[in-house]
Asks: 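Attaching a single structure in structure tokens format; questions to follow.
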Amino acid sequence: MSSSQAGFQPFDQVLDQDNTLKILQNALHGADDGELFLERRRTEALVFDDGRLKTASYDAAEGFGLRAVRDETTGYAHSTEISAAALTRAAETTRLAVGIGGATLAAPPMPSNRRLYTDADPMADAGFALKIDTLREIDAYARQRDKRVVQVSANLAASLQEVFILRPEGRLLTDIRPMTRLNVSVIVEQDGRRESGSAGGGGRTMISGLMQPDNWQATADEALRIALVNLKAVPAPAGVMEVALGPGWPGILLHEAIGHGLEGDFNRKKTSAFAGLMGQRVAAKGVTVLDDGTIPDRRGSISFDDEGTPSGKNILIDDGILVGLMQDRQNARLMGVEPTGNGRRESYAHAPMPRMTNTYMLGGNAEPGEIVASIRDGIWAVGFGGGQVDITNGKFVFSCTEAYRVKNGKIGAPVKGATLIGDGATALKQIRALGNDMALDPGMGNCGKAGQWVPVGVGQPTVLIDGLTVGGSAT
């Protein structure tokens, strides 16, 4: 087995653990916190587009990040060279943040042996030729399903992140984090009009499950269904109206418009719309929101975060009352609360910060059909694309990829070009009904913050909101 295929073992291969710990402890002498984060990540991605293999890539990267924290100041140095010499140089840099020191290291994270996903390599789960054959089958299947299909794009991706975290008290944590994803996009054409649809999913699982015919056929069927719905779509209306959000992936609106505002750093700096509202009502009765990194095999799950704190099932809003925030170690210490296992980073080249894992709203008792039937004048939005959010006031703009006009409880034509405009704090208080169909998304979310991207999950039941602004082009 070559070194590129063997497990990542920096303390067996290139570093002496005792010497490395001394370097780390010297860098953190007089600091409040810090750690050494070592990582190797390997990624494979195949794109089959328009009847041919368009790209096939394999990337590998490794390196370390050394962090020293003193009060609100963070010193961070990283390198692709994993060696004692590189660590010593990094320690000299991060030491500048500590200054004259004087602090006592914060208590270390509590240990945990919990494993939430396999540690097998998902890229080795199936041969290269089989992956290409599967993508080719997806392309042929989608075209055979409907003669209006003019283009198909299918992507398979898998990665393996191997993490070592050395804490200054001497504890070494290791985690092996797999990730897989399948995505299918379809373009259809009828009478000169072209529309598209896409579907996908995955998680911290092996890639063979995504390559099973029952899985990829369902994914291709869903992409085709959305494209055909959009062929019949009429221009969306505009105005303030009732909006029902579907279950599962529409929770991305909850994630963006509300979730970011419940991250510890924004609240500590008082730049969140929710700052100073702990213990107060911020949502309608019945609304309970959690961030849960402990769900097995989910895209946003982590056995422990990138500081070594075990992930948690954290209640953020309980029956409409703000009861918790998502915290990394630095913000938790500065705010006088406990870390919640939400200290995450994109890679060794990035310092951790409070980030979401799997953020979702619990379901209620209402039947989804009855919720939609209660709409007098509005839309039913079941699919979302991109959006923008201002964390300081919670204002959001989201585009719908699948939505329907509803009048007097009757579902009408699908609408195209609908955008939802509002602010998270107001929308939470205007929730009128919660369905009994809470679902998590199929595993396709990525979250951006301060230039860093991490995988996340979202979820919610069918939700009815009074008075959102719908942007559309219908006259």
Side-chain angles (χ1 to χ4, degrees), residues 32-41 64-69 74 76 78 105-117 119 159-169 171-179 203-204 255 259-260 262-268 290-316 324-335 337-360 445-450 452-457:
D32 290 304
D33 206 355
E35 74 287 309
L36 174 64
F37 181 92
L38 301 110
E39 173 196 22
R40 179 175 74 169
R41 188 192 304 261
F64 73 84
L66 179 59
R67 183 176 66 141
V69 179
T74 297
Y76 197 76
H78 62 89
L105 284 172
M110 294 296 293
S112 171
N113 293 321
R114 180 177 57 202
R115 293 289 306 164
L116 298 173
Y117 30 79
D119 60 1
S159 68
L160 189 69
Q161 181 192 26
E162 299 164 272
V163 168
F164 283 70
I165 301 175
L166 182 62
R167 300 281 318 166
E169 69 277 4
R171 184 161 171 249
L172 180 65
L173 302 93
T174 64
D175 199 15
I176 300 177
R177 303 169 177 172
M179 187 70 75
R204 296 195 183 278
H255 167 103
H260 279 297
L262 300 180
E263 292 169 335
D265 49 353
F266 293 130
N267 284 268
R268 177 175 64 82
L290 295 86
D291 184 84
D292 186 359
T294 71
I295 309 172
D297 300 330
R298 293 297 304 181
R299 182 172 175 84
S301 295
I302 42 176
S303 296
F304 54 80
D305 72 9
D306 294 328
E307 301 176 302
T309 304
S311 60
K313 184 176 184 179
N314 300 300
I315 301 175
L316 307 175
L325 301 172
M326 291 166 280
Q327 301 284 7
D328 64 353
R329 286 175 57 84
Q330 181 183 24
N331 283 280
R333 175 176 48 79
L334 293 171
M335 296 180 75
V337 297
E338 292 298 315
T340 59
N342 290 92
R344 305 187 66 191
R345 65 182 97 199
E346 179 179 326
S347 75
Y348 67 87
H350 305 84
M353 66 180 81
R355 304 296 300 271
M356 284 172 273
T357 57
N358 304 298
T359 310
Y360 57 92
N446 284 308
C447 174
K449 177 180 176 181
Q452 293 193 42
W453 292 88
V454 295
V456 296

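For reference, positions follow the sequence shown, starting with 1. The structure displayed is predicted, hence computed values, not measured ones.
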Asks: Under the 3.5 angstrom rule, does the side chain of Gln452 hit a backbone N or O of Ala351 as a donor-acceptor pair?
Replies: yes
Asks: Do we see a donor-acceptor contact under 3.5 Å between the side chains of Arg114 and Ser311?
Replies: yes
Asks: Taking the side chain as every heavy atom from C-beta outward, state whether Pro109 and Arg329 have any pair of such atoms under 4.5 Å apart.
Replies: yes
Asks: Assess, by modelled atom type and distance only, whether the side chains of Gln161 and Glu39 contain a donor and an acceptor separated by less than 3.5 Å.
Replies: yes
Asks: If the condition is side chain to side chain donor-acceptor pair (under 3.5 Å), which residues does Arg115 pass it with, not counting sequence neighbours?
Replies: Asp175
Asks: Rounded to the nearest 0.5 Å, what's the gap from CG on Leu105 to CG on Asp33? Could you check?
Replies: 7.0 Å
Asks: Among Lys449, Arg268, Arg344, find the residue that satisfies the salt bridge (Lys or Arg N to Asp or Glu O under 4.0 Å) test when tested with Glu263.
Replies: Lys449
Asks: Answer yes or no: is there a side-chain heavy-atom contact under 4.5 Å between Arg355 and Cys447?
Replies: yes
Asks: For the residue pair Pro339 and Ala332, what are the closest heavy atoms and their distance?
Replies: N-CB, 3.6 Å
Asks: Using 4.0 Å as the upper bound for N to carboxylate O, is an ion pair formed by Arg204 and Asp119?
Replies: no
Asks: With side chain to side chain contact (heavy atoms under 4.5 Å, CB included) as the test, would you mind laying out the steps for Leu262 and Thr359 before giving the verdict?
Replies: CA-CA 11 Å; Leu262 300 180; Thr359 310; over 6 Å; no
Asks: Give, for atom CZ of Arg177 and atom CG of Leu160, the distance between the pair rounded to the nearest 0.5 Å.
Replies: 11.0 Å
Asks: Mark yes when over 12 heavy atoms from residues, nucleotides or ligands other than Glu169 sit less than 6.0 Å from its CD; otherwise mark no.
Replies: yes
Asks: Taking side chain to side chain donor-acceptor pair (under 3.5 Å) as the definition, give me every residue that meets it alongside Asn446, ordered by chain and number, with sequence neighbours left out.
Replies: Arg299
Asks: Can you sort out the partners of Tyr117 under ring pair (Phe, Tyr, Trp, His ring centres under 6.0 Å), two or more places apart, ordered by chain and number?
Replies: none
Asks: Measuring from Gln327:CD to Asn267:CG, what's the distance to the nearest 0.5 Å?
Replies: 8.0 Å
Asks: Among residues at least two apart in sequence or on other chains, which ones pass side chain to side chain donor-acceptor pair (under 3.5 Å) with Glu307?
Replies: Arg67
Asks: Is a salt bridge present between Asp32 and Arg333, judged by a nitrogen-to-oxygen distance below 4.0 Å?
Replies: yes
Asks: Which residues pass the side chain to side chain donor-acceptor pair (under 3.5 Å) test with His350, not counting sequence neighbours?
Replies: Ser347
Asks: Does any part of the side chain of Met356, heavy atoms only, come nearer than 4.5 Å to the side chain of Leu316, both counted from C-beta?
Replies: no
Asks: Which atoms form the tightest heavy-atom contact between Gly343 and Pro352, and what is the distance?
Replies: C-CB, 4.2 Å
Asks: Any chance you could measure Ile176, atom CD1, to Phe164, atom CZ, to the nearest 0.5 Å?
Replies: 7.5 Å
Asks: Of the non-hydrogen atoms in Tyr348 and Tyr76, which two are nearest, and what is the gap between them?
Replies: O-OH, 2.6 Å
Asks: Which value, rounded to the nearest 0.5 Å, describes the distance between Leu116 atom CG and Phe304 atom CZ?
Replies: 10.5 Å
Asks: Can we say Arg345 and Asp328 salt-bridge, meaning some charged N sits less than 4.0 Å from an Asp/Glu carboxylate O?
Replies: no
Asks: What's the shortest heavy-atom distance between Leu173 and Gly308, and which atoms?
Replies: CD2-O, 3.6 Å
Asks: If I compare all heavy atoms of Pro354 with all of Gly264, which pair ends up nearest, and what's the gap?
Replies: CB-N, 3.9 Å
Asks: I'd like to check the side chain to side chain contact (heavy atoms under 4.5 Å, CB included) partners of Asp292; sequence neighbours left out, ordered by chain and number.
Replies: Thr294, Ile295, Lys313, Tyr360
Asks: Using 0.5 Å steps for rounding, measure from the CG atom of Asp291 to the CG atom of Leu325.
Replies: 11.5 Å
